[in-house]
2 protein chains.
Amino acid sequence: MVGNRRPAGRPRTRILNREVITDAARRIITSDGVPALTMTRLAQRLSVTPSALYNHATSKQEILRWIVDSIMGEVDASAFDTEPWREATRAWAASYRDVMVAHAELISSVATIEVIDSPRTVAMYERVVSGLHRAGFPFEACLPFIAALESFIYGSAFNELAPADIFDPGDEGDVAPNFVAAVEASQRGRNPREINDELFDIGLTAFVESSAERLGVC
Amino acid sequence: MVGNRRPAGRPRTRILNREVITDAARRIITSDGVPALTMTRLAQRLSVTPSALYNHATSKQEILRWIVDSIMGEVDASAFDTEPWREATRAWAASYRDVMVAHAELISSVATIEVIDSPRTVAMYERVVSGLHRAGFPFEACLPFIAALESFIYGSAFNELAPADIFDPGDEGDVAPNFVAAVEASQRGRNPREINDELFDIGLTAFVESSAERLGVC
DNA sequence: ACCTGAACACCGTTCAAGT
DNA sequence: ACCTGAACACCGTTCAAGT
């Protein structure tokens with residue numbers, strides 16, 4: 001604390017705001033993971049006292065919402081402005097999934113946090129809904145369609161987050177011979193990430209096509 | 001603490017073990033949610049000191065693994081013993097999803113926790129893999145297929161966990177007219193849970209069929 | 001308006017001491 | 001072998017006091 005003192009006479013510049021706090025928080029998560037994001041740690045990085053943060057955010061939860069909105073801003077939904085809806089959907093889903101994989105630790109937050117005071121998130125949904133509606137989707141079908149796609153995206157990204165040895169049966173192996181054979185066959189086989197990607201693509205296509213058929217969109 | 005004293009002379013009966021601890025922990029989660037599960041709270045319910053728990057579990061994380069394995073034991077994979085693989089897969093996925101919806105708060109734990117010392121979880125996978133392999137799935141295709149289905153299951157259950165007003169755009173509404181229209185149309189429409197169920201079914205069928213085709217399984 | 005410093009009510013975990 | 005009680009190093013949050 002002593003070494004942290006400003007030179008005398010230099011005016012204190014207010015430095016704390018949503019953007020700066022969000023940025024610092026994201027950097028902590030990137031370098032040391034979500035559990036490392038504590039109010040103390042965040043305050044330290046901003047050269048400030050933990051209690052100072054509460055002049056700008058009402059809670060740690062609110063800061064988490066800022067982070068999620070910031071991340072959602074990285075999802076590219078621009079294809080909906082120009083491309084046919086199938087291509088746009090595929091491009092958007094791929095980008096969404098990439099972003100989720102890059103921030104896998106936060107998926108459960110992304111999936112469950114309320115869309116409140118989240119301009120980037122709202123902007124993304126606006127783009128997607130506009131594109132779908134222009135393509136002939138009735139309004140009432142848009143959100144369910146989006147939500148179902150998000151299901152698949154979150155789940156698929158989870159597979160990337162799961163530890164590589166998530167399927168190690170350990171002591172139980174002798175009573176589960178087929179399971180063990182499957183685990184070993186997978187390990188000898190192709191890159192799991194590659195397989196994961198391919199299955200994501202298969203599932204996505206299957207869902208998009210069957211939805212289109214059911215909704216009568218062409 | 002004073003009122004908690006045992007009658008003098010009654011021998012102390014060892015009462016703590018994996019099953020008892022898991023049970024108590026699950027009851028706390030059921031009644032008051034995952035955040036309510038603290039070592040102190042758990043010890044209280046077992047009429048014991050928090051530190052006593054560490055004679056049976058090495059950490060809270062281990063207790064969480066016990067809980068997850070206990071929950072996985074509720075997933076019904078028995079159809080794989082008797083039914084054709086398509087029907088078995090559908091029944092298993094439906095049961096799996098029901099269980100996840102009932103324990104939505106724990107989905108991220110279920111999805112990411114290692115399968116270690118988890119007899120019920122291993123038993124479930126053994127059943128599924130056996131059924132798929134008997135139906136003609138090569139071993140190396142089993143786990144990717146299962147993992148992709150789990151993706152969809154977790155994601156779909158997440159939709160049930162998400163707060164009803166997750167799509168409330170708030171102040172941003174005026175700049176997102178299409179999004180707002182979609183939100184309103186959804187609210188006026190059918191029961192969201194019903195729609196969610198239907199989309200789960202569509203996605204599941206689509207994925208199962210396209211996988212079968214790709215793997216050459218009939 | 002914004003920040004500090006002290007305090008509060010918690011966490012999970014460790015460990016010497018008891019039986 | 002198993003439990004207690006005290007202690008440790010943390011959490012997020014509040015609030016009077018300063019500027």
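What you are looking at is a predicted structure, and each value in this text was computed from that prediction instead of being measured. So you know, we letter chains A, B, ... as the sequences are listed, proteins then strands, and number each from 1.
Checking C/dC3, C/dG5, D/dT13 against every side-chain atom of A/S51, the shortest atom distance belongs to C/dG5. With C/dT4, D/dT4, C/dC2 as the choices, the nucleotide that has an atom nearest any side-chain atom of A/H56 turns out to be C/dC2.
The pair B/R127-B/D81 counts as a salt bridge, with a side-chain nitrogen and a carboxylate oxygen less than 4.0 angstrom apart.
In this view, B/D201 and B/R90 satisfy the salt bridge (Lys or Arg N to Asp or Glu O under 4.0 Å) rule, not counting sequence neighbours. Remark: A/A25 pairs with A/L37, A/L42, A/I63, A/I67 by the side-chain contact (heavy atoms from CB on, under 4.5 Å) rule, at least two apart or across chains. Taking the side-chain contact (heavy atoms from CB on, under 4.5 Å) definition, one finds that B/A102 meets it with nothing, sequence neighbours left out.
Residues of residues 17-25 of chain B that place a heavy atom closer than 4.0 Å to DNA chain D do not occur.
Between the side chains of A/R120 and A/S70, no donor-acceptor pair is found at a separation under 3.5 Å. For the 3.5 Å distance criterion, the side chains of B/S156 and B/R97 qualify, holding a donor opposite an acceptor.
Contact of the B/M72 side chain with the B/S118 side chain is not registered, since no non-hydrogen atoms from C-beta on lie closer than 4.5 Å.
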Could you walk me through whether A/W85 and A/F80 pass the ring-ring contact (aromatic ring centres under 6.0 Å, His included) check? CA-CA 7 Å; A/W85 77 272; A/F80 279 103; 8.7 Å; no
Test ring-ring contact (aromatic ring centres under 6.0 Å, His included) applied to B/Y154 and A/Y154, step by step: CA-CA 8 Å; B/Y154 299 148; A/Y154 299 149; over 10 Å; no
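The separation between A/L46 atom CG and C/dC3 atom C1' is 13 Å, rounded to whole Å. Between B/N55 atom CG and D/dC2 atom P the separation is 7 Å, expressed in whole Å.
For A/F152 and A/F207, the distance between ring centers is not under 6.0 angstrom.
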Please enumerate all protein N or O atoms sitting under 3.5 Å from an N or O of nucleotides 9-12 of chain C, with distances to 0.1 Å.
{"residue": "C/dG12", "atom": "OP1", "partner": "B/K60", "partner atom": "NZ", "Å": "2.9"}
{"residue": "C/dG12", "atom": "OP2", "partner": "B/M39", "partner atom": "N", "Å": "3.0"}

Quick one: the dot-bracket string of DNA chain D, using Watson-Crick and G-U wobble pairs with both distances under 3.5 Å, [ ] for crossing pairs and | for bases paired to another strand. ||.|||||...|||||.||
